[in-house]
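Following: one structure in structure tokens, then a few remarks.
So that the names make sense, note that chain A is the first sequence line, chain B the second, and so on, each numbered from 1.
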Amino acid sequence: MPEQSALQAMRHSMAHILATAIQHLWPEAKFGVGPVVENGFYYDVDLGETKISEEDFARIEAEMQKVIAHDDVFERFEKPIDEAIVWAKETKQPYKEELLNDLKRSGTTLAKELNSEELGTIADGKSKVENVSFYKNGDFVDLCRGPHVESTGKTGAFKLQKVGGAYWRGNDQNAQMQRIYGVAFATDRELQDHLAMLEQAKKRDHRKLGQELDLFVISDLVGPGLPIFTPRGTVLRNGLIKFSEELQQDRGYEAVWAPHMTRTELYKVSGHYDKYPERFDVSSVESDDTFMMKPMNCPHVTQIYASRPRSYRDLPLRYMETTTMYRDEKSGELHGLSRVRALTQDDSHAFVRHDQIEDEIRNIIGMVKQMYLTLDMPLSVDLSFRDDSDNYFGDPKLWQEAQKILERIAREEELDYRVEPGEAAFYGPKIDIYVSDALDRRWQCATVQLDFVMPERFQLEYVDEHGEKQRPAMIHKAILGSIERFLSVYIEHTAGRFPIWVAPEQIRVITVNQEEATVNFANGILGQAQKLHLRLGVDNSNESVGKKIRAAELAKVPYVIVAGDKEIKTKQVTPRIRKDMVVIDAPVSLGIEEFLKTVANEAKARILKTSL
RNA sequence: GCCACCUUAGCUCAGUUGGCUAGAGCGCCGCUUUCGUAAAGCGGAGGUCUGGGGUUCGACUCCCCAAGGUGGCUCCA
């Protein structure tokens, strides 16, 4: 057996052992599903009024150890489908009964592949499957496809991790079960390594670093999901935004601007109004009109296009805008900077002829690649396509054509992509670019969306070379996506060790004493740095040099220079360079002006490593 | 929004089974010191124990409600 599937079988067996323990402790337990997930497994259980908390883990783990010590064989057997349904009824396992009905009707239990209205309903007539397989270990029997390890003793090291609510079959209309997560590895060593890795990841949590490095604040008075950026955090934000805007300007995008609220009518015409219940409505005491905060930008920009007649010669028209929008996300969905109620996007909209679509998307992919390469951020790509449901507006033939174009570009641009049906926007298919945070959770940042629907709904037109009216296509894009979300990932990716060009404080001067000559010298360096637009801080506090060095290290300042009699005399400094930036590990002394100019050039070039 | 858990000083955390004036380290302020590449010394200020109800002679501690947070689920950039 290949190693990977052996590990999977072991983890899946752990899920059964967990269920066995739970059945021993709570005989009335009703079981859902218990699959393998990354690094471990979970099992969904319904214990009625009884709620499991992490305090119960020790007890459950002890029972699991007993099951393992018992070393019961995982015995596979089959039952005809109808007998299996009787079994589920008799053992009072209603969730298993639902799954069996789905198996009988459709031959699968995957909710995604099933007609949602039929899900779990009683199946009449002929069955799609004859027999279903069961696994038995000791006194626990479970409907299961397998495979398993030989016996409960042939498992590895495990630990229960967390418990959370989970809707039965992922549908929030259904009952909520308790999902118990565990991690499991072949050896105890691997388990310990994994747990240590999680501890490390906690240290780079952007919410923790945001507080430690003084980047942003979330105030209860302002409200949840509404982060405020400090001077240091704003340097980061603006640095990234500037980079994005330069990329876009270089490729023909022009800046535009729209107010942050609008008459709701705009969103009724666009079709968003009913699709986005999470809007913030704004009321006016003066007028009867209804307004809302903008939850996106595309409908606004269409009005620039529509404001005058357009010729085929005008296209493509490329508008960009870095702007904030507002979405009333449900409270439980907020998460640091990753999921907020006020999000700022480096958004753009290109209006193109159909024959210009492909070039424009390549233009955009070029920008995305350049951004993420410069930032040293690995990305993965989803092609978010439609499915057969009727959630989508527009001509299905245009959709087909659009999806083909996107997939061809993804292939030719050598993007590491996968196709995700059912993930498209209601107005068109997307190329979604994801990056991962410290815990390997994927977050969508950049996106390219092809849209034939908005131009239709807003009746956008241009006149072609024959004098005929034609409809342009719209291409929506964001490179950083939500700046807030991007920062959350970027802070974790760098662990707060920002490269020189976005470092909130690029250089710190540490004075050796508080004598007048020293202070004047340090302030002189500050003056020179300001002329070069460098962000330099002077630490003239009455503390030991060692302590001030330590403070600068903790603040993750890229360059630290000590200013004392030696420097005053020689007019040379020896920068202490943050370790992640060093290429050659040798201290260099150089003239103050030369040092500052080098740093200024590095900042301009957006480099990752120092050239000193 | 749903499920579980959490909330003590600016930050990180102690605080016996309900019982004296709620503690520590860091940070902050002041004084001493004037120091050479990851923590000098001394002193001081700082808390309606998230908020509101309740139980009790007495609540940081027990119960209820609310807010905020954390981890899941659902939804999403």
Side-chain angles (χ1 to χ4, degrees), chain A residues 42 44 46-47 51-56 161-181 202 205 207-208 211-212 214 217-221 223-225 275-278 295-297 325 327-347 423 425 430 432-435 439 441 443-447 449 476 478 480-486 488-489 508 510-515 518-519 540-555 560-567 574-577 579 587:
Chain A
Y42 68 77
D44 283 347
D46 179 353
L47 298 178
K51 299 296 175 197
I52 288 177
S53 80
E54 293 187 17
E55 282 171 23
D56 298 311
Q161 276 274 290
K162 52 199 173 194
V163 55
Y167 299 108
W168 170 238
R169 312 203 96 171
N171 182 338
D172 60 5
Q173 302 302 307
N174 285 346
Q176 193 155 43
M177 311 185 71
Q178 297 185 76
R179 178 167 297 175
I180 302 167
Y181 284 93
K202 267 193 207 160
D205 188 309
R207 292 163 301 189
K208 187 173 152 69
Q211 142 76 19
E212 286 171 1
D214 190 20
V217 183
I218 297 175
S219 139
D220 283 4
L221 266 180
K275 300 248 174 200
Y276 289 89
E278 48 285 282
M296 52 205 60
N297 297 307
M325 42 240 197
R327 298 180 187 176
D328 189 11
E329 301 294 347
K330 297 178 205 158
S331 59
E333 286 155 359
L334 300 173
H335 181 94
L337 293 182
S338 323
R339 192 76 182 273
V340 293
R341 285 186 167 137
L343 56 129
T344 309
Q345 264 193 354
D346 55 338
D347 208 355
E423 294 297 320
K430 309 186 284 175
D432 288 324
I433 284 104
Y434 287 80
V435 287
L439 287 173
R441 292 179 290 210
W443 293 97
Q444 188 194 323
C445 288
T447 181
Q449 312 180 355
H476 312 235
L480 298 165
S482 147
I483 313 294
E484 290 79 12
R485 173 174 292 181
F486 185 86
S488 74
V489 181
R508 183 173 296 185
I510 288 173
T511 55
V512 172
N513 56 47
Q514 280 69 55
E515 280 155 21
T518 315
V519 176
N540 184 39
S541 59
N542 181 8
E543 299 288 352
S544 65
V545 171
K547 184 161 180 174
K548 292 198 272 188
I549 294 279
R550 178 178 149 83
E553 288 283 346
L554 292 175
V560 177
I561 53 181
V562 174
D565 291 344
K566 199 181 88 193
E567 287 76 17
T574 308
R576 184 186 167 101
I577 302 167
K579 288 191 186 60

Between the base of [N] and the side chain of [X], is there a donor-acceptor distance below 3.5 Å?
X	N	result
A:Asp205	B:U70	no
A:Arg485	B:C76	yes
A:Arg339	B:C75	yes
A:Glu333	B:U74	yes
A:Asp172	B:C75	no
A:Glu515	B:U34	no

Distance in angstrom units between [X] [atom1] and [N] [atom2], rounded:
X	N	atom1	atom2	result
A:Glu329	B:C2	CD	C1'	16 Å
A:Glu553	B:U37	CD	C1'	9 Å
A:Lys330	B:A67	NZ	C1'	20 Å
A:Asp44	B:C3	CG	C1'	12 Å
A:Met177	B:C73	CE	P	15 Å
A:Arg550	B:A38	CZ	P	11 Å
A:Tyr42	B:C73	OH	C1'	10 Å
A:Arg341	B:C76	CZ	C1'	13 Å

Would you classify [X] as touching base, sugar-phosphate or nothing, given that sugar-phosphate means primed atoms plus P, OP1 and OP2, and contacts are heavy atoms under 4.0 Å?
X	answer
A:Gln211	sugar-phosphate
A:Asp432	nothing
A:Val340	base
A:Lys566	base
A:Phe486	nothing
A:Glu567	base
A:Val545	sugar-phosphate
A:Gln176	base
A:Gly481	nothing

Item checked: B:U50 and B:G10, which share atom name C1', separated by this distance in whole Å ->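 The answer is 16 Å between these two C1' atoms.
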Checklist line | Nearest-neighbour nucleotide for the A:Lys430 side chain, B:A77, B:U37, B:C75 considered | finding: B:A77
Notebook entry, point to check: Among B:U33, B:U37, B:C75, which nucleotide sits nearest the side chain of A:Asn542?
Noted result: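 Shortest atom-to-atom distance from the side chain points to B:U33.
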Examine [N]: is either OP1 or OP2 under 4.0 Å from a nitrogen or oxygen in the side chain of [X]? Give yes or no.
X	N	value
A:Lys162	B:G72	yes
A:His335	B:G72	no
A:Lys547	B:G27	yes
A:Arg179	B:A4	no
A:Tyr181	B:C73	yes
A:Ser544	B:A40	yes
A:Arg207	B:G71	yes
A:Ser331	B:G1	yes

[X] side chain near [Y] side chain, heavy-atom distance below 4.5 Å:
X	Y	value
A:Asp432	A:Glu423	no
A:Glu278	A:Lys330	no
A:Ser541	A:Lys548	yes
A:Ile561	A:Pro575	yes
A:Asp565	A:Val512	no

Got a second to check how far [X]'s [atom1] is from [Y]'s [atom2], nearest 0.5 Å?
X	Y	atom1	atom2	value
A:Gln345	A:Glu484	CD	CD	9.5 Å
A:Asp328	A:Arg341	CG	CZ	5.0 Å
A:Tyr167	A:Arg179	OH	CZ	12.0 Å

Margin query: Reading RNA chain B from 5' onward, which residue's closest nucleotide shows up sooner: A:Leu343 or A:Gly223?
Written below: A:Gly223
